[in-house]
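A short write-up of the structure that comes next.
The figures that follow rest on heavy atoms only: side chains count, while hydrogens, waters and symmetry mates do not.
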Amino acid sequence: MKMTITNVKAPRKGARKASEISQDILMLLNKGEIETANLTEWLIVNHVKLIRHQFPLLGLDNMTEILVDKLYTLKKPSTMNFIKCIGESLKDYCISNDTCRPMFESLYKHPADTIRSYACYVLSSCESLTIFEKIKIADTLIADHHFGVREVIWMALRPEIEENLDEVLPKLINLAKHEDENKRRFASEVIRPRGVWCKHIEVLKHNPEIAIPLLDTLMNDESKYVQDSVSNWLNDASKTRPDFVIEYCDLWSKKSTTKITTRIIKRAKRTIDK
């Protein structure tokens with residue numbers, strides 16, 4: 001089976017508005033032959049057209065129309081719900097057909113970022129794996145070069161990480177020390193108290209002290225990508241525990257006077273300072 005990205009010049013900036021996406025680019029996106037270049041393109045992908053084109057190539061022709069029917073009947077149609085629906089449905093299919101490993105590999109190694117995103121929910125919904133096994137298997141997805149895949153994998157694993165927060169936190173602290181900035185950012189982003197497009201983690205909204213060992217690890221992270229996640233984490237916490245964020249940031253400012261820490265603190269207190 002041959003899967004290649006067509007010869008479109010890369011990297012592309014992508015259109016700022018959906019109406020500005022050319023028909024040629026849109027066709028290639030919906031065929032899964034190129035990656036999305038930005039959030040605008042990521043949100044415009046037609047998942048029905050995508051799976052109808054790609055799934056027969058992946059040996060999933062028997063699932064294609066079943067999935068199409070499910071997508072058309074979703075109560076809340078959205079990009080994230082489409083991805084979740086497809087991924088979880090594929091998990092059920094591959095278990096019943098004993099094809100989990102080869103199908104998962106064909107998804108997470110696919111050149112199209114949207115197809116790789118389906119693999120995130122295939123993995124997260126596998127009940128036979130522990131959360132530690134899932135995080136280990138997700139290593140490539142967590143470090144994916146595409147922003148969309150990196151966002152989907154933390155959202156897919158977040159519910160189970162929340163359920164096992166005490167046990168998983170040491171693992172996240174280790175990831176926060178990793179040389180790969182994407183893995184460090186995952187460690188912070190996956191347990192943001194409020195997060196984006198996801199259910200809040202109530203225990204961290206009211207007891208953010210739990211995450212201090214992880215946050216301390218990232219206090220002087222050189223990556224802006226990680227810095228933004230940490231400051232967003234603290235800004236989330238400030239909406240329910242401003243006292244914690246004020247005291248914690250004051251402590252940080254005494255420990256470190258670097259531009260990095262100063263930047264994180266400023267962004268962390270943006271809601272408080274309004």
* To do: For I44 and N30, run side-chain contact (heavy atoms from CB on, under 4.5 Å): C-alpha distance rounded to whole Å, both residues' side-chain angles, the deciding distance at 0.1 Å, then the answer.
  => CA-CA 9 Å; I44 204 67; N30 290 336; 6.0 Å; no
* Spacing of NZ belonging to K134 relative to CG belonging to L141, to within rounding of 0.5 Å -> 13.5 Å
* Please round to the nearest 0.5 Å and tell me the distance separating atom CG of L67 and atom CG of L60. => 8.5 Å
* Could you go through the side-chain hydrogen bond (donor to acceptor under 3.5 Å, both in side chains) check for N232 and R270 one step at a time? => CA-CA 10 Å; N232 288 338; R270 62 186 184 271; 2.8 Å; yes
* Taking side chain as C-beta onward, heavy atoms only, is I191 less than 4.5 Å from W233? -> yes
* Structure fact -> Looking only at heavy atoms, the pair that brings A119 and L107 closest together is CB-CB, 3.8 Å
* Asked: Under 4.5 Å between any side-chain heavy atoms of S253 and I265, yes or no?
  -> yes
* **I246 with L251, same ILVMFWY side-chain cluster at under 4.5 Å** => no
* **Steps toward side-chain contact (heavy atoms from CB on, under 4.5 Å) verdict (L204, L165)** => CA-CA 10 Å; L204 290 175; L165 186 58; 4.0 Å; yes
* Validation row: D61, F55 side chains within 4.5 angstrom (heavy atoms) -> no
* **side-chain contact (heavy atoms from CB on, under 4.5 Å) evaluation trace for H110 with L58** => CA-CA 10 Å; H110 198 280; L58 296 169; 4.2 Å; yes
* Determine, for R116 against E35, whether the closest basic-nitrogen to carboxylate-oxygen distance falls under 4.0 angstrom. => yes
* salt bridge (Lys or Arg N to Asp or Glu O under 4.0 Å) pairs, two or more places apart, involving residues 187-203 -> E162-K199, R185-E189, E189-R192, R192-D236, E202-K205
* Asked: Atom CD1 of I272 and atom CG of N235: how far apart are they, to the nearest 0.5 Å?
  -> 8.0 Å
* Would you please test W42 and T79 for side-chain contact (heavy atoms from CB on, under 4.5 Å) and show each step? => CA-CA 8 Å; W42 188 76; T79 297; 3.7 Å; yes
* Would you say the side chain of I86 lies within less than 4.5 Å of the side chain of Y121, judging by non-hydrogen atoms? -> no
* Asked: Are T258 and T261 close enough that a side-chain donor and a side-chain acceptor fall under 3.5 Å?
  -> yes
* To do: Please name all residues satisfying side-chain contact (heavy atoms from CB on, under 4.5 Å) with I212, sequence neighbours left out, ordered by chain then number.
  => E209, D216, F244, Y248
* Asked: Is the closest basic N to carboxylate O distance between R263 and D228 below 4.0 Å?
  -> yes
* To do: Indicate yes or no: at least one non-hydrogen side-chain atom of M80 is less than 4.5 angstrom from one of E151.
  => no
* To do: Calculate, to the nearest 0.5 Å, the distance between atoms NZ and SG belonging to K76 and C85 respectively.
  => 14.5 Å
* Nearest-0.5 Å distance, CG of residue L172 to CD1 of residue I135 -> 5.5 Å
* For residues K269 and S238, is any side-chain donor paired with an opposing acceptor at under 3.5 Å? -> no
* Asked: Once you round to the nearest 0.5 Å, how far does CG of N182 lie from CG of L175?
  -> 11.5 Å
* Looking just at side-chain N and O atoms, do E181 and S223 make a donor-acceptor pair shorter than 3.5 Å? -> yes
* To do: Can you see which heavy atom on F147 is nearest to which on N38, and at what distance?
  => CZ-C, 3.4 Å
* To do: Look at the side-chain heavy atoms of Ile, Leu, Val, Met, Phe, Trp and Tyr, link any pair under 4.5 Å apart, and say whether L74 and V45 land in one connected group.
  => yes
* Asked: Between L214 and A187, what is the shortest heavy-atom contact and its length?
  -> CD1-O, 3.5 Å
* Asked: Any donor-acceptor pair under 3.5 Å linking the side chain of E41 with the backbone of A37?
  -> yes
* To do: Verify, without hydrogens or angle tests, whether T217 (side chain) and P213 (backbone) share a donor-acceptor contact under 3.5 angstrom.
  => yes
* Asked: Are W154 and V203 co-members of a hydrophobic cluster defined by side-chain heavy atoms under 4.5 Å apart?
  -> yes
* Please answer: with hydrophobic residues joined when any side-chain heavy atoms are less than 4.5 Å apart, are Y225 and V196 in the same cluster? => no
* Evaluate the criterion side-chain hydrogen bond (donor to acceptor under 3.5 Å, both in side chains) for residue pair K70 and S89; output intermediate values, then yes/no. => CA-CA 9 Å; K70 286 189 175 184; S89 298; 3.1 Å; yes
* Asked: Which atom names give the shortest non-hydrogen contact between I51 and P56, and what distance separates them?
  -> O-CD, 3.5 Å
* Structure fact -> When every non-hydrogen atom of A268 is compared with those of V245, the smallest separation belongs to O-CG1, 4.2 Å
* Residues which pass ring pair (Phe, Tyr, Trp, His ring centres under 6.0 Å) with F82, listed by chain and number, not counting sequence neighbours -> H47
* Asked: For the residue pair S125 and V122, what are the closest heavy atoms and their distance?
  -> OG-O, 3.3 Å
